[in-house]
Structures are given as C-alpha cells and as structure tokens.
Amino acid sequence: MTDTRFDPSTADGRWQRAWDDAGTFAADSNSPKPKSYILEMFPYPSGRIHMGHVRNYTMGDVLARYKKMTGHEVLHPMGWDAFGMPAENAAMEKGVHPGGWTHSNIDTMKSQLKRLGFALDWTREFATCDAEYYGHEQALFIDLYEAGLVYRKESEVNWDPVDMTVLANEQVIDGCGWRSGAPVEKRKLNQWFLKITQFAEDLLEGLGELKDWPEKVKLMQENWIGKSSGLEFAFELSNGEKLAVYTTRPDTIFGASFVAVAADHPVSQSISIGNPNTQKFIELCKQGGTTAAELETAEKLGFDTGLTAKHPFTGADLPVYIANFVLMDYGTGAIMAVPGHDQRDFEFANKYNLPIPRVVAASIEDAAKPFDGEAEAGDGVIVNSDFLDGKSVVDAKADVIARAEQGGWGKGTTVWRLRDWGASRQRYWGTPIPFIHCETCGVVPVPKDQLPVELPEDVDFATPGNPLERHASWKHVACPACGKDAVRETDTLDTFINSSWYFLRFASQPDDAPFDSEEVAKWLPVGQYIGGIEHAILHLLYARFWTRALQHVGKLDFAEPFASLFTQGMVTHETYSREEDGRPVFFTPAEVNRGGETASLKADGEPVDIGRVIKMSKSKKNVVDPDDIIAEHGADAVRWFMLSDSPPERDLPWSAAGIEGCARFVQRLWRLFGQVGMGGAGADASGDKALDRKVHQTVAAVAEDIEALSFNKAVARIYELTGAIEKAEPSASRSEAIRKLILMVSPMMPHLAEEAWHKDFPDMPLVADEPWPEVDPALLVEDEVTIAVQHMGKLRDTLTAPKGASKEDLEALALASEKVQRSIDGAPLRKVIVVPDRLVNIVT
RNA sequence: GCGGGUGUGGCGGAAUGGUAGACGCCGGGGACUUAAAAUCCCCUGAUCCUAUAGAUCGUGCGAGUUCGAGUCUCGCCACCCGCACCA
C-alpha cells in the first residue's frame with residue numbers, strides 16, 4: 001500500500017475504535033456547555049440496515065458532529081424499537097424465539113451502524129424488549145391509569161378465527177386475514193384505551209407552536225385530529241322517541257328534507273326487530289367495501305323506516321331513512337339531510353325523489369334558482385328560511401345555535417375525528433399490560449414493587465393464538481389486593497407506546513424510575529428529530545400525546561417532545577425486469593450489467609427492461625445492501641453520497657456511477673490533504689488573499705447549510721473550495737486552507753478527516769474533538785465585484801468594479817462599454833437603473 | 001372530492017425580484033503511459049452564424065405586474081403524496 005491512496009478498509013475501523021476507546025461521543029449531562037439533543041427515529045431490528053437508515057442516520061450524524069464542533073454538549077443516542085409482529089412471524093415460521101431472533105438482528109445491525117462511523121453514544125443503548133425498559137413502561141401505564149387516562153371498553157375488533165388473533169385494519173385483505181386467508185369475524189372484546197381525545201384541543205393548538213415542523217406534517221395531524229364545530233340537536237320522532245343529530249351547517253336547517261340514520265344506529269336496530277326487510281337492508285350496508293374506489297362509486301342506498309321527525313322550526317314531518325352513507329362512529333350516527341347543500345344528500349334525494357329546497361344562494365334574487373346537477377356547498381346568503389333570510393352563512397349558524405340553546409332543544413358542539421387510542425394487542429411480543437383480573441376486586445394494577453411483569457421465556461408458537469393465554473403458570477396468580485386466585489391480563493401494549501417515550505429514557509436512565517425529570521429537563525425537548533414522513537401521524541401524534549399525559553401527571557414540565565422535526569426523502573433506484581409468462585420478473589442491481597441506455601442480465605447476457613426509479617423494496621428487488629458498498633468504497637464515500645445532490649427532503653436516486661464519483665472524491669481530497677506541508681519555508685509568505693476569502697466564505701456558508709440541513713448545498717461548496725485550493729499556488733494560505741478543509745469535511749467524512757489530520761498533525765487530538773474553524777467577518781466581503789450590464793433587461797456585458805463603487809461611477813463604467821454602446825446604437829437614454837455592487841440596466 | 005407538494009440541460013439539482021443552469025453525474029476531446037488503470041486539462045442547454053466574435057430562443061402552459069420574473073399575481077396543465085360517504 002502506498003501513501004497516495006486512502007484505504008478505508010483499514011482506516012475506518014482504526015478511527016471507529018479510537019472514538020470508542022476515548023468515549024468521544026458519550027454525552028455528559030453535567031457539562032457546562034449548551035446542550036444539543038440530536039435524534040433520529042430508532043430502527044425496528046428487522047434484520048439488516050437498509051439505505052433509508054443510512055441516509056437518515058448520516059444526516060443526524062453530520063448535524064451531531066457539527067454541533068459538537070461548535071461547542072455544544074451533544075446527545076446523539078441509538079436504540080431499538082424491538083417489539084412487534086415480525087419477530088412473532090419469524091417464531092411461527094422458523095421456530096425460533098422472538099427474543100433470540102430480535103437480539104441476533106440487533107447484533108447484526110449494530111455492527112453495520114458501527115461500520116458507518118456514526119457519532120453515537122452507545123452507552124445509552126437499549127432495546128424496548130429489555131425487561132428493564134418495558135418494566136418502567138408498565139409503571140408509566142399504571143400512572144396514567146391512576147390519573148384516569150387509561151380505561152377499558154368493549155369494542156369491536158377484526159378477529160382471525162384461524163390464527164386466533166386480532167388483526168389491524170391494514171391486515172384485513174378483501175375481508176380475509178392476511179396470513180390465514182380465513183374470513184375475518186367481528187368480535188367484541190374488552191380492550192384497553194388511552195384517552196388521547198382528552199388532549200385533542202391541546203394537541204391541535206400545540207401544532208401552532210411547532211415553528212420548526214414541516215407544514216405538511218402539521219396539516220396531516222390537524223386533519224387527523226379533525227376538529228369541527230356545529231349544532232347537536234334532537235328531533236322528536238313520530239314514535240315519541242328523540243333522535244340526536246349533528247350538523248356543521250345549522251344555517252341550512254330550513255333546507256332539511258329528510259333525516260338519515262346509520263345502519264347500526266339504535267333506531268335502525270329497534271326497527272329491524274321482527275322485520276326481515278330491514279334486517280336485510282342493514283346487512284347490505286355492512287357488506288359495502290371501504291376502499292377509496294368503492295366509496296367513490298358506491299350508490300347511495302336508503303330504507304324508509306316509516307317514522308317521521310318533527311322539524312324544530314317549521315314543524316314539518318320529515319321522513320326518517322336508514323342510509324348506507326351515514327357512519328355510526330362519527331357525530332351521533334344520525335344526520336339532518338340538506339340535499340341542496342350537501343352532495344351525498346343530493347344524490348340520495350334524487351334517487352328517492354325527495355325535495356331539494358334551496359336555502360343558500362349567491363344573492364336574495366337567486367332564491368329560486370334551480371340546481372345544476374349537484375349540491376352547492378359554498379358560501380352565500382340564506383334564502384327561503386324564514387327569520388334567517390338575508391343573513392350570511394356565518395351569522396345564520398350562530399343564530400340557529402343560539403335559538404336552539406335558548407329553546408333547550410340543542411346546543412353548539414365540537415366534534416372530533418380523533419378516537420381514543422386502542423392500545424391492546426392479543427400478542428406475545430410486546431409489553432405485558434400490568435394488570436390482574438380478580439373476580440372479587442375487579443381490575444387491579446400490579447403493585448409497582450412487583451414490576452416488571454416479565455414475558456415468560458418458555459412459550460410455544462406451534463399453536464395459533466396468543467401464547468400468554470395458554471401459559472398456565474404465568475397467567476394464574478394471586479390477586480394483589482385480596483390474595484385470592486386471579487389471572488393476569490394477557491394482552492400486550494401496542495408497540496407505538498414503546499416509541500412514545502424512548503427519547504426520555506435516552507436522556508436519563510435511572511434503575512428505579514423510567515427517567516429522572518431533572519436530567520430529562522437538561523436535554524429535552526429534542527433539538528432536532530429526523531425520520532421518515534410515514535410517521536407523520538401515528539408515531540408523532542402518540543409521542544406528543546404521551547408527553548402531555550406525563551406532564552398532566554406531573555412527571556414532566558413540557559408538552560412538546562420534539563422542537564424541530566425533519567422528514568427526509570426515500571432512497572430510490574431503477575428497477576430491472578423482464579416479462580416471463582406474462583408477468584414481470586425482477587432482478588437485483590447486482591444481477592445486471594448496466595450500460596448507458598441499456599441493461600442486460602449477467603447470467604445470460606439477454607437485455608432487461610429498465611423501469612422507473614422508485615423506493616428500494618424487496619418485492620421490486622431494486623435494493624443495494626449498504627454493507628456491500630461500505631466494503632467496496634468505505635464508509636465515507638457512502639456517507640458523502642447520502643448528502644450529495646438531492647435536497648434531503650426529496651428522494652435520492654442511488655446509482656453505481658454516483659457512488660463511484662464519491663469514492664473518487666474521497667481519494668482526491670486525500671491527495672490534497674497530503675499537500676499541507678507545501679506552504680512551508682520558501683513558499684509565498686505574503687499569503688493568498690483571494691484564497692483566504694474563499695476559505696472563510698466557504699466555512700461560513702457550509703456552517704449555515706448544515707444548520708439548515710441543506711447538506712447538498714454544503715457538499716457543492718466543498719467541491720468548489722476543493723477545486724480552488726487545488727489550483728492555488730503553494731502558500732501559507734493554501735496550507736491553512738487545507739487544514740480548514742479537513743475540519744470542514746470531518747462531519748461528513750470523519751474517517752478520512754481523522755486519517756489526514758493525524759498524518760499532517762501527528763500531535764493533535766482527534767478531529768472529532770476539534771472546534772469548527774473560525775470565520776473572520778472581514779474576509780467574507782470581496783473588494784471587487786462583477787457588475788452585470790444590461791440594455792433593456794438583456795445582458796450585454798459584465799465588468800469588474802471596486803466594491804461599494806458609487807452609482808455614478810458604475811453608470812459611467814457601463815456606458816463606456818463598447819458592447820453596450822453597440823446595443824444602444826445611438827438611441828436616447830431614458831433611464832439608467834443602478835443596483836450597487838450588482839448591475840446596471842440601461843433603458844432607451 | 002378535499003388538502004398539500006413538485007415541475008429548471010441527457011440526469012440529480014443551484015440561483016436575497018438583478019449575469020439562469022453553480023456543484024456533481026453521464027457524454028465528447030486531449031495529455032501522461034509500450035498499454036491499461038489512476039490522474040490531469042478542455043468542451044458539453046437549443047438554434048442561427050459571415051464562427052476566438054456575435055444573434056435569437058430557453059426554467060410545464062397562457063396572461064399580468066416590473067427597467068428587469070425560475071422567483072411576485074391571476075388562470076390552466078401534468079405528476080406525486082396525504083386524507084376521505086366525517087354530516
């Protein structure tokens with residue numbers, strides 16, 4: 001091996017060990033420095049790291065290393081979101097224990113992360129499947145129970161009768177279980193719920209304070225929480241009962257021409273008793289699909305109950321229908337239908353020949369205007385509505401609500417789309433819910449000194465169903481309250497609870513408590529959180545809720561866990577496929593020879609089709625294993641690729657040519673870094689002012705770019721500076737430029753930086769411990785600027801002028817240009833616009 | 001349907017209303033070499049051209065504001081993402 005090439009296969013490991021041995025990235029909560037908590041969403045240990053992880057963690061790593069260089073005490077931890085279904089599926093398919101499978105995956109993935117040289121504080125590592133972690137989680141769950149934020153309720157679930165388990169909605173495909181293929185049954189089970197709805201208003205308002213969250217994520221959460229306000233009121237039915245309905249458009253109440261209830265509404269149920277036709281219709285409603293396409297085309301269907309409802313103002317008798325488009329779990333499960341101003345009601349009224357009165361119009365004069373084939377849901381003036389006529393929609397809403405409240409038949413109400421969080425899973429591989437069911441005492445929390453309730457190791461997955469249900473010695477215990485025979489809760493907690501507080505445990509890890517509030521306060525909220533957009537709603541909303549809940553019970557004194565959020569784009573790749581027997585067969589990039597416009601299969605030399613650039617996925621086989629790339633090019637080239645070109649929020653197309661270019665740049669820097677001594681004795685001692693300027697400008701700009709997470713721009717500037725240094729004559733300035741460049745690239749290419757640093761400056765400490773280069777503000781300004789000269793807005797010439805030249809001087813210089821004079825061609829000057837230090841525009 | 005985003009060379013992308021295409025990739029030409037690899041240098045939006053010069057066009061489309069628009073305004077188009085019979 002010669003000096004002229006950087007050899008990552010030896011250097012990477014050398015510096016990774018050096019950082020480990022020195023404890024370089026262990027966070028000290030007692031440090032007097034300002035704290036900076038940089039966190040990337042922790043991975044599920046599925047088996048191996050993929051490129052998405054590499055991109056995510058590289059971004060966080062650059063920021064963490066940069067923050068350390070700029071004088072911060074940095075907390076940059078890593079752990080494992082280790083509970084979940086795949087481990088149980090592996091247990092069922094391969095006969096391995098979920099814990100063993102998970103831990104072996106963790107070992108693999110940890111060594112992969114280490115090979116990338118991430119500046120992580122591994123002393124704080126944990127997996128959520130550690131009894132220590134989930135034991136503390138159980139304690140928190142009991143705290144929330146005692147604060148009234150956890151309750152039990154019977155609710156309907158998707159039940160797979162073969163696997164004997166509850167399925168999430170996503171696991172039900174065409175009405176059948178995704179694994180067993182058996183038709184899914186609806187079952188009522190007692191489930192544990194978290195009262196997230198108690199914080200609905202708070203979670204919504206809190207979004208307003210999250211200045212450094214993407215608007216997109218905030219909007220998605222806002223829609224998910226789904227606040228709407230309107231009027232809830234009761235109709236008197238012809239059978240003497242009352243029927244509560246909810247509407248956001250009380251202003252259109254005079255336009256109501258019928259009333260509709262959901263198929264599973266109590267009114268429908270009571271009508272259907274002894275009435276086969278009604279029962280048949282209710283069954284029909286339940287069959288309807290729920291996919292977007294089905295709903296789009298689904299016909300509005302109704303069943304006349306024969307009942308009527310008395311209109312609160314007109315006293316008219318409105319027919320009451322059971323309708324397939326009314327949902328039981330929103331509002332009251334019943335509506336007043338205003339066909340003129342709601343599209344669904346409009347379609348329904350058309351089908352069943354119900355009146356379609358107009359109560360909103362563009363103006364009073366349009367009160368009789370017919371509808372043009374669809375409902376008009378927009379704004380306007382109220383018409384045909386007695387005392388509301390002429391009012392605006394907003395005023396009419398307020399008026400009707402006020403009259404309803406005065407009359408005592410209704411009240412202004414807020415309705416939320418957000419539902420309480422069903423946290424029960426009939427699964428083994430999760431946090432056991434720490435409760436005991438006693439016939440005498442009811443539901444009793446496990447006393448905290450008996451936590452953790454550990455998962456039993458000796459379980460069997462050969463029989464379908466939850467092994468905890470069948471584990472006699474684990475399940476049967478004495479009631480902690482009365483001592484009589486009792487049984488443990490065998491449900492486990494949704495894994496989203498694991499990820500709702502892990503960031504607190506990273507900050508503080510006492511043995512006897514989930515966390516220490518004072519320690520947590522030193523680090524939290526997380527300064528920068530980075531992860532995928534797929535967690536925009538569930539994980540991020542749950543974590544926000546859990547933090548508020550802990551604040552509510554007095555364990556935290558802040559409400560928002562993540563001050564700044566960044567959602568990065570995906571890593572994508574071309575796909576390679578070939579038609580075989582009428583269906584595409586996909587090939588991995590490794591199986592393909594890729595030419596300029598074409599690709600062929602290595603195995604047989606036959607061409608394959610190059611498909612769209614899409615997210616790397618196993619099913620399309622367009623995956624590249626990070627380990628292979630690291631082995632071939634080293635960690636720094638991969639890291640550099642992850643930061644180059646694409647803005648971090650957009651997708652990053654992986655390419656072999658791209659990574660080769662990065663590897664070449666690593667070597668190019670290595671050669672340049674070897675020239676630091678060229679500025680010694682005999683070289684130009686007066687320095688190179690232009691290069692000094694370029695260096696300081698780049699240091700300032702790269703710092704700005706990193707802080708804005710605009711890594712692609714930082715990369716481009718580093719390329720530019722590299723070229724400038726290479727071209728510069730040897731001088732003290734040039735040597736200093738090289739020294740600063742090493743520091744500047746060190747967050748991105750830490751191994752190369754260390755290797756060069758210690759070769760150039762053998763007695764210096766680790767680059768990782770060096771400060772970010774200082775910037776001299778005086779060197780940020782040029783003393784000469786290039787002025788663009790335009791005639792009628794078109795560029796005709798550029799000229800060089802001293803910075804700060806007067807408008808008059810610039811105008812004179814511009815008019816002296818031969819090219820400009822040729823363009824003006826003797827026309828009289830009408831106006832000259834001068835933008836100092838930038839441009840002159842001559843108008844004729 | 002509702003909400004959001006994106007649209008710039010062959011590709012990824014730069015650009016406080018002020019020189020469009022920085023930087024990288026691909027491609028072309030050359031140097032070094034017996035040769036190759038590696039490296040270095042030059043060219044690389046389109047069209048015209050009397051060609052070291054110069055001209056015209058050009059940031060999805062169409063208007064507008066402005067001395068000047070990729071950037072601002074209005075109206076369209078295409079693609080992507082999220083949500084959705086939510087009353």
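The basis for the numbers below is simple: all heavy atoms, side chains too, and nothing from hydrogens, waters or symmetry mates. Chain letters run A, B, ... following the sequence lines, proteins first and then strands; every chain starts at 1.
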Would the Phe348(A) and Phe346(A) ring centres measure less than 6.0 Å apart?
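No; Phe346(A) has its ring centre 6.0 Å or more from that of Phe348(A).
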When every non-hydrogen atom of Ala756(A) is compared with those of Phe673(A), the smallest separation belongs to CB-CD1, 3.4 Å
Residues passing the side chain to side chain contact (heavy atoms under 4.5 Å, CB included) test with Ile537(A), sequence neighbours excluded, are Met220(A), Trp224(A)
Polar pairs (N or O, both sides) under 3.5 Å between protein and nucleotides 67-75 of chain B?
from, atom 1, to, atom 2, distance (Å)
rC67(B), O2', Asn841(A), ND2, 3.3
rC67(B), O2, Asn841(A), ND2, 2.5

What's [X] touching, base or sugar-phosphate or nothing? Going by heavy atoms closer than 4.0 Å.
| X | answer |
| --- | --- |
| Val326(A) | base |
| Arg650(A) | sugar-phosphate |
| Arg717(A) | nothing |
| Thr332(A) | nothing |
| Thr798(A) | base |
| Tyr246(A) | base |
| Arg419(A) | nothing |

Counting only distance, no hydrogens or angles, is the base of rU16(B) paired donor-acceptor with the side chain of Arg838(A) under 3.5 Å?
yes
Q.
Please report the distance, rounded to the nearest Å, between CZ in Arg796(A) and C1' in rU56(B).
A.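 To the nearest whole Å, that distance equals 10 Å.
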For Tyr542(A), the side-chain hydrogen bond (donor to acceptor under 3.5 Å, both in side chains) test, sequence neighbours excluded, returns none
The side-chain hydrogen bond (donor to acceptor under 3.5 Å, both in side chains) partners of Asn56(A) (sequence neighbours excluded) come to none
The residue, Leu839(A) or Asp645(A), whose nearest nucleotide of RNA chain B is more 5′ is Asp645(A)
So the stems of RNA chain B, runs of at least three Watson-Crick or G-U pairs (under 3.5 Å), are B:1-7 with B:77-83, B:10-12 with B:23-25, B:27-31 with B:39-43, B:45-48 with B:54-57, B:60-64 with B:72-76
Note: contacts of residues 702-716 of chain A with RNA chain B (heavy atom, under 4.0 Å) are Asn712(A), Lys713(A), Ala716(A)
